[in-house]
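Below, read A as the first sequence line, B as the second, and so on, with proteins coming before strands; counting in each chain starts at 1.
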Amino acid sequence: MNKSVRVRFAPSPTGYPHVGNIRTALFNWLFARHYGGSFIVRIEDTDVARKVKGAVEVILDSLCWLGLDWDEGPYFQSQRLELYREAAKRLISQGDAYYCYCSPQRLEEMRAEQVRRKQPPGYDRHCRNLSQKERAEKEAEGITPVVRFQTPLSGQTKFSDLIWGEVVFENDTIDDFVLLKSDGYPTYHLASVVDDHLMEITHVLRAEEWLSSTPRHRLLYQALGFEPPQFAHLPMILGADRAKLSKRHGAVSITEYREQGYLPEAMVNFLALLGWSLDDKTEILPEQELINSFSLERVSRTAAVFNRDKLNWMNGVYIRRLSVEDFTQRALPFLDSGLPPEVKRPLSIEYIRQIMPLIQERARTLAEVAELAQFFFVDKLDYAPSLLIGKSMSQELATQALETAKQRLGRLEVFDAESLEAMLRPLAVELGLKTGQLFGVLRVAVTGRTAAPPLFQTMSVLGKEQCLKRIETALDRLHRL
RNA sequence: GGCGCAUUCGUCUAGGGGUUUAGGACACCUCCCUCUCAAGGAGGAGAUCACCGGUUCGAAUCCGGUAUGCGCUACCA
């Protein structure tokens with residue numbers, strides 16, 4: 001398997017890249033990188049009607065974001081139509097395919113009838129044995145035919161899937177599927193087989209939903225005289241209700257995760273663990289370790305539910321592993337877009353650099369950074385004054401504590417964390433308060449919240465002037481209670 | 001309806017005949033650390049391994065059936 005492995009990621013530009021598609025891309029990429037092979041990108045744009053403009057760019061951009069670099073492509077099937085037509089023509093002349101003139105209406109009625117009679121739906125081979133004369137008549141009517149594969153009526157098609165093992169299908173359960181549509185475009189079946197052969201793809205790793213169509217592809221390879229690649233069908237990714245992942249489950253496009261502040265490296269690690277595992281304990285596997293240890297043997301056969309909680313945890317792990325500077329750079333755009341509009345821009349990078357160490361260990365996503373750090377930026381804090389009076393505190397005690405702290409703070413020369421601590425701890429004793437009581441009041445006064453980064457560091461970053469101002473405001477609110 | 005596939009804690013999974021009182025992770029709970037939060041540490045709860053039958057001295061692991069779920073069954077991919 002070491003010898004020139006060639007795999008491909010073949011998305012169709014009919015929408016934005018679904019996490020399921022991306023997981024498929026990731027497995028292909030890991031497989032290629034593990035064996036030192038080639039990862040090829042091919043755009044399957046053969047459905048003119050469903051094509052979404054801009055989708056190709058978003059797909060490619062997402063691959064780049066995740067670091068899934070490709071060695072060849074992107075190839076576009078829409079630019080290779082002649083290849084598929086030639087193949088179809090060859091199949092017709094060989095007697096392995098034929099023209100079908102059935103109208104969409106007839107096919108629809110046929111299907112409805114089959115469903116009503118509980119018959120397996122499928123093309124009834126109406127045009128399979130048309131005479132020369134009958135064909136000429138249809139042509140004369142101006143009907144543009146489709147080309148259908150002439151599926152063997154008996155026998156079996158079997159293949160060995162790298163993940164599912166031996167799979168056998170009876171040929172009589174496979175209908176005469178369309179190869180070339182009336183608009184001249186190939187269907188997925190024809191195009192992917194022709195391209196996988198021409199591009200010398202050695203392994204087709206694709207979603208499980210393709211398992212059922214694999215016998216068709218095997219039959220096509222056979223008829224065209226091509227050697228088939230190895231197939232490996234990947235388990236599906238489901239939503240929390242075990243249904244196929246869809247819009248109802250929240251974010252399904254990889255771009256949404258990017259916008260929500262997930263790190264690409266966390267995303268890669270998380271997605272790799274959906275359907276694959278290294279052993280019974282390893283969860284955190286950075287890219288290189290993933291490449292080193294990836295193997296098809298350890299891919300599971302059961303569909304996996306996308307667990308958002310676990311993703312959040314893992315993203316937090318990766319965020320904490322970043323250097324402060326790296327974290328700061330990545331958080332910057334999220335601060336810019338997430339902070340209230342009244343905060344004046346551009347943001348001071350020097351100030352942000354002081355804040356970020358306090359935020360990094362608390363954020364699970366980059367999008368949370370703005371919220372967590374907001375009190376460092378806004379002018380006036382918005383909080384319920386009652387928060388100033390903590391547990392086992394009274395209005396009087398809180399007022400006294402703040403008042404005294406304000407005076408002492410005002411006299412403090414050096415406003416760093418050490419000095420603040422050296423001054424505030426004894427003050428609690430002096431006031432007959434527990435440290436938690438004193439610090440609690442100060443925390444709310446200075447940050448507007450009961451949960452925030454460590455007090456002394458926070459105050460130090462905020463600066464003496466700002467702290468005093470906020471304590472003043474807090475005192476004011478306390479008086480009005 | 002037909003065909004194909006699957007089924008281990010809520011979720012991701014390990015484990016593939018005895019080493020299993022079924023292991024880990026997320027989430028949850030308790031405690032520790034501690035100025036709050038987060039992180040970290042220590043515990044806890046959580047799975048009759050879908051069900052039924054068979055093979056075997058012994059089955060989560062092998063076989064068969066049933067149930068359930070999923071996929072395919074398009075001039076979509």
Can you tell me the distance, in whole Å, between the [atom1] atom of [X] and the [atom2] atom of [N]?
X: A:Y188; N: B:C72; atom1: OH; atom2: P; result: 13 Å
X: A:R216; N: B:A77; atom1: CZ; atom2: P; result: 12 Å
X: A:F270; N: B:A25; atom1: CZ; atom2: P; result: 17 Å

Item to check | Donor-acceptor pair (no angle test) under 3.5 Å: A:T173 side chain, B:G2 base | outcome: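 It does not, because no donor-acceptor pair links the side chain of A:T173 to the base of B:G2 below 3.5 Å.
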Item to check | Selection residues 415-428 of chain A - residue pairs positive for salt bridge (charged side-chain N to carboxylate O under 4.0 Å, His left out), sequence neighbours left out | outcome: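 Passing the test, one end in residues 415-428 of chain A: A:E421-A:R425.
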Next on the checklist: Filter on salt bridge (charged side-chain N to carboxylate O under 4.0 Å, His left out), then keep only pairs touching residues 303-324 of chain A, sequence neighbours left out; what's left?
Outcome noted: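 Salt bridge (charged side-chain N to carboxylate O under 4.0 Å, His left out) check on residues 303-324 of chain A returns A:E283-A:K310.
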Checklist entry - Of the nucleotides B:C72, B:C26, B:A6, which has the atom closest to the A:D309 side chain? => result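 Among B:C72, B:C26, B:A6, the one nearest the side chain of A:D309 is B:C26.
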Does anything in [range] come within less than 4.0 Å of RNA chain B? Heavy atoms only, and list the residues if so.
range: residues 175-185 of chain A; answer: A:V178, A:K181, A:S182
range: residues 353-377 of chain A; answer: A:E361, A:R362
range: residues 447-459 of chain A; answer: A:T450, A:A451, A:A452, A:P453, A:P454, A:L455, A:F456

Checklist entry - Base, sugar-phosphate alone, or nothing: which one does A:P13 contact when heavy atoms must sit under 4.0 Å apart? => result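 Touches nothing.
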Checklist entry - Reckon A:C102 touches a base, only the sugar-phosphate, or nothing at all at heavy-atom distances under 4.0 Å? => result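 The answer is base, as A:C102 lies within the cut-off (heavy atoms under 4.0 Å) of a base atom.
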Checklist entry - A:D176 and salt bridge (charged side-chain N to carboxylate O under 4.0 Å, His left out): which partner among A:R148, A:R216, A:R128? => result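 Among A:R148, A:R216, A:R128, the one meeting salt bridge (charged side-chain N to carboxylate O under 4.0 Å, His left out) with A:D176 is A:R128.
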Checklist entry - Now, which nucleotide makes the Watson-Crick or G-U wobble pair with B:U7, with each of the two distances under 3.5 Å? => result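 Answer to the pairing question: B:A67, which forms a Watson-Crick or G-U pair with B:U7.
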Item to check | Complementary nucleotide of B:G43, counting Watson-Crick and G-U pairs under 3.5 Å | outcome: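 WC or wobble partner is B:C29.
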Checklist outcome for this item: Each nucleotide of nucleotides 43-48 of chain B classed B (base within 4.0 Å of a protein heavy atom), S (only sugar-phosphate) or -, in 5' to 3' order, makes ------
Checklist outcome for this item: With B for base contact, S for sugar-phosphate-only contact and - for none (protein heavy atoms under 4.0 Å), nucleotides 11-22 of chain B reads BBSSS-------
Item to check | Contact list for residues 364-376 of chain A, test side chain to side chain donor-acceptor pair (under 3.5 Å), sequence neighbours left out | outcome: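 Checked against side chain to side chain donor-acceptor pair (under 3.5 Å) - neighbours excluded - no pair reaches residues 364-376 of chain A.
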Where do N or O atoms of nucleotides 62-67 of chain B meet protein N or O atoms at under 3.5 Å, pair by pair?
none

Checklist entry - What pairs of residues pass the ring pair (Phe, Tyr, Trp, His ring centres under 6.0 Å) test when at least one of them lies in residues 417-444 of chain A, not counting sequence neighbours? => result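 Only A:F439-A:F456 qualify under ring pair (Phe, Tyr, Trp, His ring centres under 6.0 Å).
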Checklist entry - Can a salt bridge be assigned to the pair A:E82 and A:R85 using a cut-off of 4.0 Å between side-chain N and carboxylate O? => result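 Salt bridge present between A:E82 and A:R85.
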Next on the checklist: So, OP1 or OP2 of B:A77: does either fall under 4.0 Å of a side-chain N or O from A:R50?
Outcome noted: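 False: A:R50 side-chain N/O out of range (4.0 Å or more) of B:A77 OP1/OP2.
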Donor-acceptor pairs under 3.5 Å, side chain of residues 51-58 of chain A to any protein atom, not counting sequence neighbours: which ones?
none

Tabulate protein N/O versus nucleotide N/O from nucleotides 29-32 of chain B, keeping only pairs under 3.5 Å, one per line.
none

